[in-house]
Amino acid sequence: MMNKTKIKRLLLSDTPIASLQIRGWVRTRRDAKTFSFIEVNDGSCLSGIQVIAEDSLANYEEVRRLSTGSAVAVSGELRESPGKAQKWEILATRIHIYQFAPEDYPLQKKRHTDEFLRSIGHLRPRTNKYGGVFRIRSEAAHEIHRFFHERDFIYVHTPILTGSDCEGAGELFRATTLEPGDHKEADGKDPYAHDFFGQKTHLTVSGQLEAEMFALALGDVYTFGPTFRAENSNTRRHASEFWMVEPEMAFCDLAENMAFAEAFVRHMVAHVLTRCEEDVGLFARFVDKSLLDTLGNIVEKPFVRISYQAAVDILKKSTATFSYEISYGKDLQTEHERYLAETHFRQPVIVHDYPRQIKPFYMRVNDDEKTVAAMDVIVPGIGEIIGGSQREERADVLETRMAETGMDDSSYWWYMDSRRYGSVPHSGFGLGFERFLMLVTGVTNIRDVIPFPRTPGSIDF
RNA sequence: UCCCCAGUAGCUCAGUUGGCAGAGCAGGUGGCUGUUAACCACCGCGUCCGUGGUUCGAGUCCGCGCUGGGGAGCCA
């Protein structure tokens with residue numbers, strides 16, 4: 001059996017090839033008098049390759065019936081194409097048909113709406129746009145690991161199942177083997193005593209606290225995996241299951257943290273621009289005309305850095321009208337963040353040093369006692385893509401903060417321990433992987449950068 | 001969870017003051033052609049989201065529900 005060749009490799013060839021085989025799916029077929037043009041795509045890249053099927057083929061009558069979506073193996077010769085639109089084509093010597101796609105194949109040779117394609121999520125990766133999204137997703141995921149590995153970060157697999165009652169970020173999904181009725185316990189005892197882990201258990205909302213423990217042992221670490229939020233968020237920027245990249249660095253303060261976050265985002269954008277050029281080109285042409293400008297801007301210009309106080313001052317002075325009042329001590333609203341990144345600065349902005357009362361317990365209290373060493377990276381079009389902070393390393397201050405934010409510190413004894421035995425300044429952040437993908441593709445709905453998205457009321461496929 | 005918009009052929013949509021359900025694409029047949037979102041001719045294609053109401057008559061107006069989308073909140 002002849003080995004199959006990926007179309008991606010063939011298109012890069014600088015010489016004809018006498019004999020090869022490709023396997024893929026028919027995108028379109030056009031008939032000429034004595035032969036047929038078949039465009040075959042195998043998913044390895046955006047482009048397909050043009051196959052010339054002459055009427056001398058043994059099964060030419062069948063070949064002429066090949067429809068969009070049909071699966072084939074084509075053996076033949078790679079030769080220069082006399083046509084204008086492509087350099088190479090394959091002159092077929094044999095076409096094996098795995099299966100015809102019948103006429104009710106939902107994907108046509110035309111533009112479909114994203115809404116329709118979501119309803120056929122099992123087929124949409126066969127389209128140009130979604131093939132591109134998921135090739136870019138794969139390339140970016142791979143590069144994240146390479147980026148950290150190159151910088152001597154240790155990759156930590158933090159748990160998906162957690163016993164922490166509250167990790168300080170959002171609503172949690174319950175994980176249980178109990179049946180719904182079993183949760184009632186007549187004698188007033190903890191109903192979860194009989195559950196699988198003997199206590200209330202949830203899906204993780206962040207690997208940060210566990211990552212901190214490893215940073216305080218291994219220096220620089222990161223996690224990259226799924227996280228779950230049971231929030232009833234119905235927006236194009238939220239999903240119930242999404243992936244986060246969370247570096248955590250010992251001996252690192254907020255300024256170093258911000259510098260690292262910026263370097264990370266810029267590296268990733270630059271990498272996608274060069275390594276996924278063809279797919280990014282598709283998005284720049286059909287999805288977001290300003291995509292290349294936006295991404296070039298991110299790669300070339302340093303991010304703006306302003307304190308929360310300065311951001312509030314800018315917003316107060318601005319002539320723009322906001323539906324939410326802006327005042328010191330209140331969190332920035334989406335409209336405020338968008339104004340900063342899209343109207344005022346027109347480039348990514350890092351806002352830092354937020355009021356302590358609007359931020360979680362683990363963020364380090366600054367010397368002014370009023371603010372914490374937090375930072376958010378806001379990018380045009382997406383909003384917040386990174387949230388991070390320097391962590392509170394002082395045990396007594398941390399205890400105060402936990403009390404202040406109404407947390408039960410008994411379940412965090414292990415977290416507190418890390419502040420008793422060789423505690424050091426350390427920092428980290430979380431990058432929403434899907435939001436990054438929205439940024440580099442121009443895709444405006446998070447459901448369209450996740451293979452099988454989970455959102456409130458929707459868990460098909 | 002709140003506010004707004006939408007749901008008509010396989011897909012994308014039009015459908016006027018309420019009066020016989022339409023087009024393009026896809027599919028089928030034939031023609032033409034080193035074509036490339038091919039082209040030309042002909043053919044078929046409907047639970048007008050569901051439900052109740054108003055009316056001589058509802059795709060169209062009204063109530064309720066379902067689904068999808070956008071915005072907000074929450075957040076990454």
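Note that the coordinates shown come from a computational prediction; the quantities given were computed from them, not determined experimentally. Just so it is clear: chains get the letters A, B, ... in the order the sequence lines come, proteins before strands, and each one is counted from 1. Atoms considered below: every heavy atom in the structure, side chains included; atoms not considered: hydrogens, waters and symmetry mates.
Here the separation of B:G7 from B:A26, taken at their P atoms, is 25 Å to the nearest Å. Rounded to a whole angstrom, the distance from the C1' atom of B:U47 to that of B:U55 is 22 Å. On the C1' atoms, B:C49 is 16 Å away from B:C5, given to the nearest whole Å. Between B:C11 and B:C20, the distance separating the two C1' atoms is 26 Å to the nearest Å. For the C1' atoms, the distance linking B:G19 with B:G15 amounts to 13 Å, nearest Å. Taking atom P in both B:A6 and B:A14, the straight-line distance is 11 Å, to the nearest Å. When the C1' atom is compared between B:U17 and B:C61, the two are found 12 Å apart, to the nearest whole Å. Here the separation of B:G46 from B:G59, taken at their C1' atoms, is 12 Å to the nearest Å.
In this structure, A:Arg435 is not positioned above the aromatic face of A:Phe433 in the sense of NZ or CZ being under 6.0 Å from the six-membered ring centre and within 45° of the axis.
Annotation for A:His352 and A:Leu254: closest pair CB-CD2, 4.1 Å, computed over non-hydrogen atoms.
Nearest nucleotide to the A:Gln50 side chain, out of B:U36, B:G73, B:G69: B:U36. Considering only side-chain atoms of A:Arg237, the nucleotide from B:U33, B:G71, B:A72 that sits closest is B:A72. Nearest nucleotide to the side chain of A:Arg435, out of B:G73, B:C75, B:G70: B:C75. Checking B:U36, B:C74, B:G71 against every side-chain atom of A:Ala85, the shortest atom distance belongs to B:U36. Listed nucleotides B:G34, B:A76, B:G70 differ in distance to A:Ile52; the shortest reach to its side chain belongs to B:G34. Nearest nucleotide to the A:Gln86 side chain, out of B:G70, B:C75, B:U35: B:U35. Distance from the side chain of A:Ser233 is smallest to B:C74 among B:U35, B:G69, B:C74.
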Quiz item: Should A:Tyr415 and A:Tyr362 be marked as a ring pair (Phe, Tyr, Trp, His ring centres under 6.0 Å) after you check the CA-CA gap, both sets of side-chain angles, and the distance that decides it?
Solution: CA-CA 10 Å; A:Tyr415 190 71; A:Tyr362 53 75; 7.6 Å; no
Self-check item: Derivation and outcome, side-chain hydrogen bond (donor to acceptor under 3.5 Å, both in side chains), residues A:Asn366 and A:Asp353
Solution: CA-CA 8 Å; A:Asn366 287 324; A:Asp353 294 315; 2.8 Å; yes
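A straight line from CZ of A:Arg229 to C1' of B:C74 spans 10 Å, rounded to a whole angstrom. In this entry the distance linking CZ of A:Arg79 with P of B:G34 reads 14 Å, nearest Å. Atoms CD (A:Glu171) and C1' (B:U1) sit 12 Å apart, rounded to a whole Å. In this structure, A:Leu107 atom CG and B:G27 atom C1' are separated by 15 Å, rounded to whole Å.
A salt bridge links A:Glu404 with A:Arg401; the closest basic N to acidic carboxylate O contact falls under 4.0 Å. Between A:Lys4 and A:Asp42 there is no salt bridge, since no side-chain nitrogen of the basic residue lies less than 4.0 Å from a carboxylate oxygen of the acidic one. Under a 4.0 Å N-O distance rule, the pair A:Glu434/A:Arg237 does not qualify as a salt bridge. The pair A:Glu393-A:Arg364 meets the salt-bridge criterion, with a side-chain N (NZ, NE, NH1 or NH2) lying under 4.0 Å from an Asp/Glu carboxylate O. Between A:Glu171 and A:Arg229, no side-chain nitrogen of the basic residue sits less than 4.0 Å from a carboxylate oxygen of the acidic one, so the salt-bridge criterion is not met.
Side-chain atoms of A:Asp331 and A:Tyr324 form no donor-acceptor pair, as typed in the model, at a separation below 3.5 Å.
Counting non-hydrogen atoms under 4.0 angstrom, A:Glu89 reaches a base of the nucleic acid. A:Ser81 comes within 4.0 angstrom of a base, heavy atoms only. Heavy atoms of A:Ile446 sit under 4.0 angstrom from at least one base atom. Note on A:Asn445: only backbone sugar-phosphate atoms sit closer than 4.0 angstrom, heavy atoms only; bases stay farther off. Residue A:Arg285 is out of contact with every strand shown, counting any heavy-atom pair closer than 4.0 Å.
Along RNA chain B, the nucleotide nearest to A:Arg65 and the one nearest to A:Trp243 differ in position, and the one closer to the 5' end is contacted by A:Arg65. Remark on RNA chain B: of its neighbouring residues A:Gly387 and A:Phe35, the 5'-side contact belongs to A:Phe35, judged by nearest-heavy-atom nucleotide.
Between A:Arg236 and the phosphate of B:G71, there is a side-chain N or O to OP1/OP2 separation shorter than 4.0 Å. A close approach under 4.0 Å does not occur between any side-chain nitrogen or oxygen of A:Thr235 and OP1 or OP2 of B:G70.
B:A76: no Watson-Crick or G-U partner with both key distances under 3.5 Å is found in any strand.
For the pairing with A:Leu273, the side-chain contact (heavy atoms from CB on, under 4.5 Å) check across A:Val440, A:Ile298, A:Leu292 returns one residue only, A:Leu292.
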Exercise. Starting at the 5' end of nucleotides 3-13 of chain B, put B wherever the base has a protein heavy atom under 4.0 Å, S where only the sugar-phosphate does, and a dash everywhere else.
Key: -------BBS-
Exercise. Encode nucleotides 38-49 of chain B as B, S and - characters from 5' to 3', where the letter depends on protein heavy atoms closer than 4.0 Å: B to the base, S only to sugar-phosphate, - to neither.
Key: S-----------
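For A:Phe37 and B:G34, the ring-to-base geometry does not satisfy the stacking test (centroid distance below 5.5 Å, interplanar angle below 30°).
The backbone N or O of A:Val26 lies less than 3.5 Å from no partner atom in the side chain of A:Asn41, so there is not a single donor-acceptor pair.
Put simply, the side chain of A:Arg447 and the base of B:G70 share no donor and acceptor less than 3.5 Å apart.
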